[in-house]
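Quick notes on the structure that follows.
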Amino acid sequence: MNRRKKYKIFILCCLALDLMTMAWLGYRYLDRQIPDELQISRGETVSVSALLDHPLVSFEEAIEVSADGSYTLPCKILGYIPFKSIKVTPVDDKAVYVSGSTVGIYLRTRGVLVVDTGEIQSQSGETKEPSKGIVKPGDYILSMNEEQIKDKKELIRDLDELDGTQVQLELNREGEILPVSVTPVKDSEGAYKLGLWVRDDTQGIGTLTYVDEQGKYGALGHGISDVDTAGLLDIQEGTLYKAQILAVSRGSRGNPGELAGMIRYDNSNVLGSIQENCKNGIYGQMDLSDAQKLSLVKMPVAHKQEIETGPALIRCSVDGHVKEYEAQIKRIDLNHEDSNKSFILQVTDEELLEKTGGVVQGMLVRYNVVKRGKTSIYKGLHDVVYAFY
């Protein structure tokens, strides 16, 4: 094969690769514009195909899938290529009390979280790591020798009773319950250890998103993950407290900044319980009489297809008082795989820019749409220290 023919084949391969790349990028663009599922107000006459009108996408007849009025709406690219089926669910309109107040968060894990394994200097002078390859970062210790372990205190109690014989640990590893065996090592001070860095609680500050009329609340808008393992914390219980802002670390390019505050852990400052930690935030229950002490504004909840680019308001507390600041929503992705990255926001309020440099961790963003109701939160959590056993 001569050089000219090789060159021609190379050019054709490059063109084919370019076409495949363009096709993939086009598909990704359409996928972001056309959501996998939507909610609409029950009883409201609305054409979903009109809401999602796009010149490259056509919609087929709806297919009813349940008695509550839910249906799927098949769509095709250019009227021929099957694309996706959008699930449409009618829901009752509701209102919530939107906050923006800074709150204190204290969580206890379900079992004791293993952050890492570590080396032990034994009495003989040897360096040993008894748990290496057996216990992994992100595991939760649920029991030792069939005795339930709820926190570090119970772990210490059981370690004090060890005599050097092999111990049986029950672990929760990514939702799977595993039994493992570890032989403890007596350290240079004569105490038996497993060679584990562990923690059982987390604390910090964040922003309360909303409270509904039954006292159920949502906060943060993102799950609380361990700073070392990056895994979502499996929580046993938690408490929501009033918090006081002490300082603001200004944000800059590559650094989101953060709110720094103080929590007083006494009963008079308790706002409610934390019952769930998931990827969309923390959820729990509070007494409505306590909720009314916070800065709350009642407003209807909007559906995501109602959100529009343009003016928005950031509702947050950076100096001890909840205020609203001006911003602009520049772009919206109705089907982003990460619901916390579904829009691009630009802070335009000079006062907020002066105080924080933009959006910092711990703020509430309220979309300024027709119903003025959707909310999202940015991070603002810190972890307590962990111990070695």
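Residue numbers run from 1 in the order of the sequence given. Just so you know, these numbers come straight off a predicted model, no measurement behind them.
- Here the straight-line distance linking atom CG of L313 with atom CG of D349 works out to 9.5 Å at 0.5 Å rounding.
- Across R110 and L142, no two heavy atoms sit closer than the pair O-CD2, 3.8 Å.
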Walk me through it: do Q33 and V57 pass the test side chain to side chain contact (heavy atoms under 4.5 Å, CB included)?
CA-CA 10 Å; Q33 298 299 307; V57 178; over 6 Å; no
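- Considering OG1 of T89 and CD of E37, their distance stands at 6.5 Å, rounded to 0.5 Å.
- Note: the hydrophobic cluster containing V88 also contains I34 (ILVMFWY, side chain heavy atoms under 4.5 Å, direct or indirect links).
- Between S85 and P74, the shortest heavy-atom contact is OG-CA, 3.8 Å.
- Every pair passing ring-ring contact (aromatic ring centres under 6.0 Å, His included) that includes a residue from residues 74-94 is listed here, sequence neighbours excluded: Y27-F83.
- Counted within 6.0 Å of CD on E174, heavy atoms from surrounding residues, nucleotides or ligands total 12 or fewer; the atom is thus considered open.
- At most 12 heavy atoms of other shown residues, nucleotides or ligands fall within 6.0 angstrom of atom NZ in K216.
- Between atom CG of residue L30 and atom CD1 of residue I81 there is a gap of 10.0 Å, rounded to the nearest 0.5 Å.
- D36 has no carboxylate O lying under 4.0 Å from a charged side-chain N of K87, or vice versa, which leaves the two without a salt bridge.
- Among D139, V182, L194, the single residue meeting the side-chain contact (heavy atoms from CB on, under 4.5 Å) criterion with I134 is V182.
- Of the possible donor and acceptor atoms, none in the side chain of K136 sits under 3.5 Å from a partner among the backbone N and O of R173.
- Of the residues T202, D201, T239, the one that meets the side chain to side chain donor-acceptor pair (under 3.5 Å) test with Y106 is D201.
- A continuous path of Ile, Leu, Val, Met, Phe, Trp and Tyr side chains, each step under 4.5 Å between heavy atoms, connects I282 with Y97, placing both in one hydrophobic cluster.
- Closest non-hydrogen pair, V114 versus V135, comes out as CG2-CG1, 3.8 Å.
- Rounded to the nearest 0.5 angstrom, T109 OG1 and D151 CG are separated by 8.5 Å.
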So I224 and I235, side chain to side chain contact (heavy atoms under 4.5 Å, CB included) or not? Walk me through it.
CA-CA 10 Å; I224 299 173; I235 70 166; over 6 Å; no
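- With salt bridges taken as basic N to acidic carboxylate O contacts below 4.0 Å, none links D200 and K153.
- When all heavy atoms of H303 and Q39 are compared, the pair lying nearest together is CG-O, 3.4 Å.
- The minimum heavy-atom distance linking Y140 with L232 is given by the pair OH-O, 3.8 Å.
- Side-chain contact check for T127 and E119: no donor-acceptor pair (N or O, by modelled atom type) lies under 3.5 Å.
- V103 pairs by the side-chain contact (heavy atoms from CB on, under 4.5 Å) definition with L208, L240, L271, not counting sequence neighbours.
- E129 CD to T117 OG1: the interatomic distance, rounded to the nearest 0.5 Å, is 4.0 Å.
- Atom CD of E326 is surrounded by 12 or fewer heavy atoms from other residues, nucleotides or ligands within 6.0 Å.
- For S99 (side chain) and S101 (main-chain N/O), a donor-acceptor pair under 3.5 Å exists by modelled atom type.
- Side-chain contact between C75 and S58 is absent, with no heavy-atom pair separated by less than 4.5 Å.
- Remark: the backbone N or O of E147 is not paired with any side-chain donor or acceptor of N145 at under 3.5 angstrom.
- At a threshold of 4.5 Å between side-chain heavy atoms, the hydrophobic network of Ile, Leu, Val, Met, Phe, Trp and Tyr places I177 and L233 in one connected group.
- Looking at heavy atoms from C-beta onward, E170 lies out of side-chain contact with P179 at the 4.5 angstrom threshold.
- Not one N or O on the side chain of R108 forms a donor-acceptor pair closer than 3.5 Å with the backbone of E237.
- Atom CG of N267 has 12 or fewer heavy atoms from other residues, nucleotides or ligands within 6.0 Å.
- To the nearest 0.5 Å, the span separating CD on E60 from NZ on K76 amounts to 4.5 Å.
- Residues V96 and Y283 fall within the same hydrophobic cluster, defined by Ile, Leu, Val, Met, Phe, Trp and Tyr side chains chained together at heavy-atom separations under 4.5 Å.
- A salt bridge is absent between K94 and E213; no separation between the charged side-chain nitrogens and carboxylate oxygens falls under 4.0 Å.
- Under a hydrophobic-cluster definition in which Ile, Leu, Val, Met, Phe, Trp and Tyr are linked whenever side-chain heavy atoms come within less than 4.5 Å, directly or via other members, L56 and I86 are assigned to the same cluster.
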Derivation of the side chain to side chain contact (heavy atoms under 4.5 Å, CB included) call for C13 and I9
CA-CA 6 Å; C13 289; I9 292 174; 4.1 Å; yes
Before you tell me yes or no, could you show the steps for E154 and V112 under side chain to side chain contact (heavy atoms under 4.5 Å, CB included), namely the whole-Å CA-CA distance, both residues' side-chain angles and the distance that decides it to 0.1 Å?
CA-CA 10 Å; E154 293 188 354; V112 177; over 6 Å; no
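- Counting non-hydrogen atoms of neighbouring residues, nucleotides and ligands closer than 6.0 angstrom, the CZ atom of R157 exceeds 12 such neighbours.
- Residues K193 and P130 come closest through the heavy atom pair O-CG, 4.2 Å.
- When only modelled atom types and interatomic distance are considered, Q148 and S143 share no side-chain donor-acceptor pair under 3.5 Å.
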